[in-house]
Participant: 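Can you read through this structure? Questions will come right after.
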Amino acid sequence: MDGTFGFENDFDQEYDDQIGSNSISSLRDGTLFLVDCSSSMFVRAEVEDKTLFEKCMKAIQNMYQQKIYGSDKDFLGIVFFGTEQNNTSEDFPHIYTLQELDQPSAERIKEIEQFSTNFDFKNFRQEYGNSNEYALNKVFWWCSNMFSLITQKLDTRRIMLFTRKDHPHENDKTLEKLAKNKSKDLYDVGIILEVVPVVLEGEKFDFSKFYADALMLSEEEIKLLPDPAENFEELEKTVRSKDHKRRPYTHLNLEFDNNLSISCSVFNLVRECSKPTKIKLDKKTNVETKTVTRRFNPDTGEILFASDTKLALDIFGKRIAFEQDEIKSIKRFGNPALRLIGFKDLKTIKPYLYVKPGHFLYPDEKSIEGSTTLFGALLQKCLEKEKFILCEMICRINTPPRLVALYPQQEEIEEKIQMIPPGFHVLYLPFADDIRQIDRMVETKKNPEVAELFTKCINKLKFKYSPEDFKNPALQKLWFEIEAIALAREETEQVEDLTLPDNSRIEKRAGHFLDNIISELRLPEKSAQAKSKRKVILSSSSVINSINALD
């Protein structure tokens with residue numbers, strides 16, 4: 001395990017200035033898509049019908065749509081470089097600003113569609129043209145100017161550069177040096193530069209020729225970079241992974257005792273994605289309505305303010321009132337922190353101890369120097385000795401303490417891509433008051449032959465499960481309907497419900513065993529037509545209802 005511990009490229013570090021407020025507020029992000037429009041981008045593979053440029057624009061269009069769904073307050077913009085025409089100024093030739101930095105909208109998406117769907121290269125050459133005479137340092141300079149015009153505070157400022165050229169100024173060392181210097185200037189002012197290589201099948205993109213210096217990448221970091229995207233699916237996945245936000249839920253110190261602690265960032269890796277909140281509008285004016293709550297004295301009808309009311313509890317027939325200061329002191333148990341209690345064997349964590357979704361713990365080097373080193377050593381020892389850390393956790397000042405287990409996780413890398421990050425899962429544990437005892441015992445009779453049939457059936461129907469393979473059909477349908485209305489489309493994109501069982505595949509892989517189970521359990525037979533259409537569903541429901549009938 002190296003000193004960097006694999007953290008530097010996994011989570012954005014732009015939120016460290018907000019540590020003092022413990023919770024991280026939702027801020028705007030700014031992303032500028034920089035698309036190479038030189039002649040090399042307008043080629044296509046023999047087996048494909050889209051050029052590299054069209055693929056880029058389609059990926060950008062999808063990113064706009066995703067932003068509308070999840071982060072409609074973010075700022076997005078598109079800049080072409082390597083064009084013959086320019087709409088900037090004489091000082092910035094071969095640069096064309098297609099869209100200024102602004103919030104995504106249906107009109108802006110429609111404008112992008114002309115480049116991603118039914119693209120006409122002749123019209124593009126007439127309106128924009130192609131040129132290889134651009135200067136990348138001026139392109140970066142123009143992008144920096146665009147960010148400086150935004151008056152709202154941006155949490156992150158990012159440039160995503162789509163290009164096929166791994167050495168843009170190969171024959172001009174002066175321009176090459178200026179471009180590298182300007183890219184470092186972007187870093188100094190807090191603008192993140194990301195390069196998205198777009199190549200044909202079989203082509204290579206060598207970062208070491210130019211972009212390693214421009215992005216300040218080491219040889220080890222270059223080796224860990226994924227291969228360039230050769231098809232649209234890979235390109236879109238690359239774009240989304242680079243743009244994905246990883247904001248900490250809060251920052252906490254892991255305290256070993258009064259004299260030793262390390263700083264950690266707490267992330268939420270999994271949370272339910274809910275539908276957007278409905279807004280009530282006035283029926284006549286279509287203006288958004290507001291809900292106002294007022295309290296009245298039931299005797300006089302006088303309006304009561306917050307200072308006129310108290311909170312009370314009825315205890316044994318007596319009403320006890322509390323002052324605001326008393327309520328605050330009751331809620332407060334200490335400063336936010338993770339306090340170590342001890343270490344326990346991993347095998348003592350049982351599935352029935354699950355209380356609610358947990359978090360993920362990463363070190364925060366900028367708050368307390370040396371946190372990453374100690375965090376890495378602690379993680380390594382917990383993995384070696386198969387132990388978890390039992391802690392008391394207080395997330396915020398007004399939240400009660402909770403028992404949590406810091407469950408260690410080993411880093412996994414496949415094909416230069418980090419599949420599983422290293423760190424600790426924060427698992428909430430129940431208190432003694434939360435555990436319920438169930439005394440009911442269910443006795444079942446076992447039939448070895450039927451049990452063997454079930455075992456074979458289960459083995460045949462096993463598959464590698466990943467929640468990322470299953471999208472929520474209700475959310476997908478909602479977004480497609482909204483998208484169709486916003487973009488004035490006549491037809492709505494069909495939703496593929498991946499949660500439905502694939503009956504034909506189940507029948508093909510385990511139909512023989514299901515038939516034997518039905519025969520062994522002497523389930524009622526159905527007609528041949530019904531059996532062919534609903535065979536697997538019938539088998540599943542009938543078998544489940546008959547498990548207790550084994551003899």
Side-chain angles (χ1 to χ4, degrees), residues 32-46 48-61 77-99 111-112 114-116 119-144 146 159-180 182-183 186 193-215 228-232 235 238-239:
L32 199 55
F33 297 101
L34 194 56
V35 184
D36 185 355
C37 293
S38 58
S39 56
S40 62
M41 291 288 289
F42 294 89
V43 296
R44 61 169 62 92
E46 295 181 358
E48 296 184 359
D49 58 350
K50 288 185 178 294
T51 63
L52 299 179
F53 175 80
E54 291 174 82
K55 288 182 182 180
C56 294
M57 297 305 295
K58 183 63 177 178
I60 294 172
Q61 177 188 333
I78 302 175
V79 173
F80 291 160
F81 71 96
T83 59
E84 188 65 36
Q85 305 297 327
N86 77 297
N87 61 350
T88 53
S89 70
E90 294 181 358
D91 296 330
F92 298 94
H94 309 296
I95 301 173
Y96 195 99
T97 303
L98 182 68
Q99 292 184 355
E111 185 180 10
I112 301 172
Q114 65 177 311
F115 301 101
S116 61
F119 176 67
D120 190 335
F121 180 60
K122 291 183 178 179
N123 289 340
F124 182 88
R125 291 197 67 178
Q126 291 177 358
E127 187 170 353
Y128 304 97
N130 305 105
S131 175
N132 295 319
E133 303 300 323
Y134 60 86
L136 207 53
N137 66 302
K138 292 190 175 182
V139 176
F140 293 154
W141 191 355
W142 179 253
C143 293
S144 179
M146 291 181 65
I159 298 173
M160 298 188 69
L161 170 61
F162 296 83
T163 184
R164 185 185 177 189
K165 296 180 179 180
D166 55 8
H167 200 172
H169 297 304
E170 184 176 3
N171 300 321
D172 194 327
K173 297 301 179 183
T174 302
L175 286 179
E176 180 179 344
K177 183 178 179 180
L178 290 172
K180 290 180 180 179
K182 194 60 187 177
S183 66
L186 293 177
L193 176 62
E194 298 276 5
V195 177
V196 183
V198 187
V199 298
L200 297 175
E201 185 176 358
E203 284 186 352
K204 299 295 182 182
F205 192 95
D206 190 353
F207 277 86
S208 62
K209 291 182 178 179
F210 174 79
Y211 287 105
D213 291 336
L215 303 177
E230 295 181 349
N231 54 57
F232 173 71
L235 175 62
T238 301
V239 174

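Starting from 1, each residue takes its place in the sequence as its number.
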Participant: Would a 4.5 Å heavy-atom cut-off, applied to side chains only, mark Lys177 and Thr174 as touching?
Facilitator: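 A side-chain contact under 4.5 Å is absent here.
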Participant: Within the structure provided, determine whether Ile78 and Glu111 are in side-chain contact (heavy-atom separation under 4.5 Å).
Facilitator: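 Ile78 vs Glu111: side chains apart.
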Participant: Can you measure from NZ (Lys58) to NZ (Lys50) and round to the nearest 0.5 angstrom?
Facilitator: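 Here the interatomic distance stands at 6.5 Å.
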Participant: Is the shortest heavy-atom distance from the side chain of Val79 to the side chain of Leu98 under 4.5 Å?
Facilitator: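 The answer is no; the side chains never approach within 4.5 Å.
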Participant: Can you confirm whether Thr83 sits close enough to Ile95 that some side-chain heavy atom of one is under 4.5 Å from a side-chain heavy atom of the other?
Facilitator: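 No - every pair of side-chain heavy atoms lies 4.5 Å or more apart.
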Participant: After noting the C-alpha distance and the side-chain angles of Leu34 and Cys143, does the key distance pass the side-chain contact (heavy atoms from CB on, under 4.5 Å) rule?
Facilitator: CA-CA 9 Å; Leu34 194 56; Cys143 293; 3.9 Å; yes
Participant: Hey, what's the ring geometry for Phe124 with Phe53, parallel, tilted or perpendicular (30° and 60° as the breaks)?
Facilitator: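 Answer is tilted, since the angle falls between 30° and 60°.
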Participant: Which heavy atom of Asn123 sits nearest a heavy atom of Asp120, and at what distance?
Facilitator: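 Looking at all heavy atoms of both residues, the shortest contact is ND2-OD2, 3.0 Å.
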Participant: Is it true that a side-chain atom of Asn130 and a backbone atom of Cys37 form a donor plus acceptor pair closer than 3.5 Å?
Facilitator: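 Yes.
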Participant: Could you check whether any side-chain heavy atom of Leu193 comes within less than 4.5 Å of a side-chain heavy atom of Tyr211, counting everything from C-beta outward?
Facilitator: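 Of all side-chain heavy-atom pairs linking Tyr211 with Leu193, none is under 4.5 Å.
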Participant: Run Leu215 and Phe207 through side-chain contact (heavy atoms from CB on, under 4.5 Å) and show every step you take.
Facilitator: CA-CA 9 Å; Leu215 303 177; Phe207 277 86; 4.3 Å; yes
Participant: Roughly how far, to the nearest 0.5 Å, is CE of Met146 from CD of Gln99?
Facilitator: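 One finds 9.5 Å between CD of Gln99 and CE of Met146.
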Participant: Which label fits Phe42 and Phe119: parallel for a plane angle under 30°, tilted from 30 to 60°, or perpendicular past 60°?
Facilitator: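 Aromatic pair Phe42/Phe119 classed parallel.
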Participant: Please determine whether side-chain contact (heavy atoms from CB on, under 4.5 Å) holds for the pair Phe115 and Glu54, giving the CA-CA distance in whole Å, both sets of side-chain angles, and the decisive distance to 0.1 Å.
Facilitator: CA-CA 6 Å; Phe115 301 101; Glu54 291 174 82; over 6 Å; no
Participant: In the structure I gave you, are the side-chain heavy atoms of Ser144 and Leu186 within less than 4.5 Å of one another anywhere?
Facilitator: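 Yes, side chains in contact.
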Participant: To check you understand the geometry: which heavy-atom pair defines the closest contact between Ser131 and Ser38, and what is its length?
Facilitator: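 The pair with the smallest heavy-atom distance is O-CB, 3.8 Å.
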Participant: Show me, pair by pair, the donor-acceptor contacts under 3.5 angstrom made by side chains of residues 160-171, not counting sequence neighbours?
Facilitator:
| residue | atom | partner | partner atom | Å |
| --- | --- | --- | --- | --- |
| Thr163 | OG1 | Asp36 | OD2 | 3.0 |
| Thr163 | OG1 | Lys165 | N | 3.1 |
| Arg164 | NE | Glu203 | OE1 | 3.2 |
| Arg164 | NE | Glu203 | OE2 | 3.4 |
| Arg164 | NH1 | Ser40 | O | 2.8 |
| Arg164 | NH2 | Glu203 | OE2 | 2.4 |
| Lys165 | NZ | Asn132 | OD1 | 3.2 |
| Asp166 | OD2 | Asp206 | N | 3.1 |
| His167 | NE2 | Glu176 | OE1 | 3.3 |
| His169 | NE2 | Leu136 | N | 3.1 |

Participant: Set out, in order, the CA-CA distance, both residues' side-chain angles and the distance that settles side-chain contact (heavy atoms from CB on, under 4.5 Å) for Arg44 and Leu52, then state yes or no.
Facilitator: CA-CA 6 Å; Arg44 61 169 62 92; Leu52 299 179; over 6 Å; no
Participant: Quick check against the 3.5 Å criterion: does His94 have a side-chain atom that pairs as donor or acceptor with the backbone of Gly82?
Facilitator: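 No, His94 side chain to Gly82 backbone: no donor-acceptor pair under 3.5 Å.
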Participant: Using distance alone, with no hydrogens and no angle criterion, decide if Thr97 and Trp142 have a side-chain donor and acceptor under 3.5 Å apart.
Facilitator: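 Yes, because at least one side-chain N or O of Thr97 sits under 3.5 Å from a partner of the opposite role on Trp142.
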Participant: CD of Glu133 to CD of Glu84: how many Å apart, nearest 0.5 Å?
Facilitator: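 The CD atom of Glu84 is 9.0 Å from CD of Glu133, to the nearest 0.5 Å.
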Participant: Are any of the side-chain heavy atoms of Met57 and Ile112 separated by less than 4.5 Å?
Facilitator: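 Contact flag for Met57/Ile112 side chains = yes.
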Participant: Could you verify whether a donor N or O on one side chain and an acceptor N or O on the other, from Thr88 and Asn86, lie under 3.5 Å apart?
Facilitator: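 Yes, side-chain donor-acceptor contact under 3.5 Å.
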Participant: Measuring from atom NZ of Lys204 to atom NZ of Lys209, what distance do you get when rounded to the nearest 0.5 angstrom?
Facilitator: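 Here the interatomic distance stands at 12.5 Å.
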Participant: Tell me whether Ser183 contacts the main-chain N or O of Lys180 through its side chain, where contact means a donor paired with an acceptor under 3.5 Å.
Facilitator: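 Confirmed, Ser183 side chain pairs with Lys180 backbone.
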Participant: Could you check Tyr128, Tyr134, Tyr96 and say which one makes a ring pair (Phe, Tyr, Trp, His ring centres under 6.0 Å) with Phe81?
Facilitator: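 The single option meeting the ring pair (Phe, Tyr, Trp, His ring centres under 6.0 Å) with Phe81 is Tyr134.
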